[in-house]
Amino acid sequence: MKHIVRKASASDVKPIHAALLRAASAGLMLSRSLSQLYSHIRDFMVLEDGDGKMLGFCALAVMWENIGEIRSLFVHENLRGNGYGRVLVEACLEEARVLGISQVFTLTYQTGFFAGLDFEVVAMDTLPQKIWADCIHCPKFPDCDETAMMRRV
């Protein structure tokens with residue numbers, strides 16, 4: 001079956017929100033509010049099947065002139081392990097190249113997955129833009145239990 005990666009639209013926000021809430025309740029990632037998602041929908045890529053069913057999504061957030069963040073990577077539970085996460089991250093990495101971003105990082109619990117995409121573990125304090133833009137507002141700050149990983153694009 002053919003799969004399509006496309007930019008997300010406003011009509012994707014509620015399904016993305018519902019999926020993020022499920023993943024957050026399972027301790028897999030942080031949730032995002034509807035307001036945050038509507039404000040940042042342009043950051044998201046959606047993977048869908050040939051019938052238009054959403055299989056997963058991922059976002060690339062521009063943090064500064066030369067650095068971006070892969071965030072909110074999600075593949076529906078029954079579809080994991082089929083390479084869909086890789087397809088989504090690679091689509092975001094291609095967008096980073098188009099935007100002239102030379103480094104991309106992620107904060108993750110899935111270090112093995114991202115290592116397979118050439119991300120390497122880095123110290124959290126190498127990400128000052130992230131810490132002061134987002135982390136400072138996180139309920140886990142300053143005791144983050146995610147691993148920071150980065151790669152050149």
Measure the shortest side-chain to side-chain distance between [X] and [Y] over non-hydrogen atoms and say whether it is less than 4.5 angstrom.
{"X": "Val153", "Y": "Gln103", "value": "no"}
{"X": "Val75", "Y": "Leu88", "value": "yes"}
{"X": "Val104", "Y": "Cys92", "value": "no"}
{"X": "Met63", "Y": "Phe105", "value": "yes"}
{"X": "Leu73", "Y": "Val89", "value": "yes"}
{"X": "Phe114", "Y": "Thr147", "value": "no"}

Can you give me the closest heavy-atom contact between [X] and [Y], atom names plus distance?
{"X": "Ala115", "Y": "Met149", "result": "N-CE, 3.8 Å"}
{"X": "Tyr38", "Y": "Lys14", "result": "OH-CE, 3.9 Å"}
{"X": "Cys58", "Y": "Ile70", "result": "SG-CG2, 3.5 Å"}

- Message: Please list all pairs meeting salt bridge (Lys or Arg N to Asp or Glu O under 4.0 Å) that have one or both residues in residues 86-111, counting only residues at least two apart or in different chains.
- Response: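 Only Lys7-Glu95, Arg86-Glu90, Glu94-Arg97 qualify under salt bridge (Lys or Arg N to Asp or Glu O under 4.0 Å).
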Count I, L, V, M, F, W, Y as connected when their side-chain heavy atoms are under 4.5 Å apart, and connections chain through other members. Are [X] and [Y] then in the same cluster?
{"X": "Leu117", "Y": "Leu60", "answer": "yes"}
{"X": "Met29", "Y": "Met54", "answer": "yes"}
{"X": "Val87", "Y": "Leu79", "answer": "yes"}

- Item | Any residue meeting side chain to side chain contact (heavy atoms under 4.5 Å, CB included) with Ser33, in chain and number order, not counting sequence neighbours |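 Residues passing side chain to side chain contact (heavy atoms under 4.5 Å, CB included) with Ser33: Ser35, Gln36.
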- Those residues that, when tested against Asp118, pass side chain to side chain contact (heavy atoms under 4.5 Å, CB included) (two or more places apart):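 Only Arg151 meet the side chain to side chain contact (heavy atoms under 4.5 Å, CB included) criterion with Asp118.
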- Message: Going by the rule side-chain hydrogen bond (donor to acceptor under 3.5 Å, both in side chains), which residues pair with Thr106 if we only count those two or more places apart in sequence or in a different chain?
- Response: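 In terms of side-chain hydrogen bond (donor to acceptor under 3.5 Å, both in side chains), with neighbours along the sequence ignored, Thr106 is linked to no residue.
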Interatomic distance, [X] atom [atom1] to [Y] atom [atom2] [nearest 0.5 angstrom]:
{"X": "Arg32", "Y": "Ser39", "atom1": "CZ", "atom2": "OG", "result": "11.5 Å"}
{"X": "Ile4", "Y": "Asp49", "atom1": "CD1", "atom2": "CG", "result": "8.0 Å"}
{"X": "Ile16", "Y": "Ser72", "atom1": "CD1", "atom2": "OG", "result": "8.5 Å"}

- For Thr108 and Phe119, run side chain to side chain contact (heavy atoms under 4.5 Å, CB included): C-alpha distance rounded to whole Å, both residues' side-chain angles, the deciding distance at 0.1 Å, then the answer. CA-CA 11 Å; Thr108 186; Phe119 282 76; over 6 Å; no
- How far apart are the C-alpha atoms of Tyr84 and His76, what are their side-chain angles, what is the distance that settles it, and do they pass the side chain to side chain donor-acceptor pair (under 3.5 Å) test? CA-CA 10 Å; Tyr84 298 142; His76 285 283; over 6 Å; no
- Check: Asp51 side chain, Lys53 main-chain N or O, donor-acceptor pair, under 3.5 Å: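 Side chain of Asp51 to backbone of Lys53: no pair is present.
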When the side chains of residues 41-48 are checked against the rest of the protein, which donor-acceptor pairs come out under 3.5 Å, sequence neighbours left out?
residue: Glu48; atom: OE1; partner: Arg6; partner atom: NE; Å: 2.9
residue: Glu48; atom: OE1; partner: Arg6; partner atom: NH2; Å: 3.2

- Message: Just to verify, what does Arg22 make a salt bridge (charged side-chain N to carboxylate O under 4.0 Å, His left out) with, not counting sequence neighbours?
- Response: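 Applying salt bridge (charged side-chain N to carboxylate O under 4.0 Å, His left out) to Arg22 gives Glu77.
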- Task: Measure up the Phe57 and Phe74 rings against each other and bin them: parallel (under 30°), tilted (30 to 60°), perpendicular (over 60°).
- Result: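 Parallel, since the angle between the ring planes stays under 30°.
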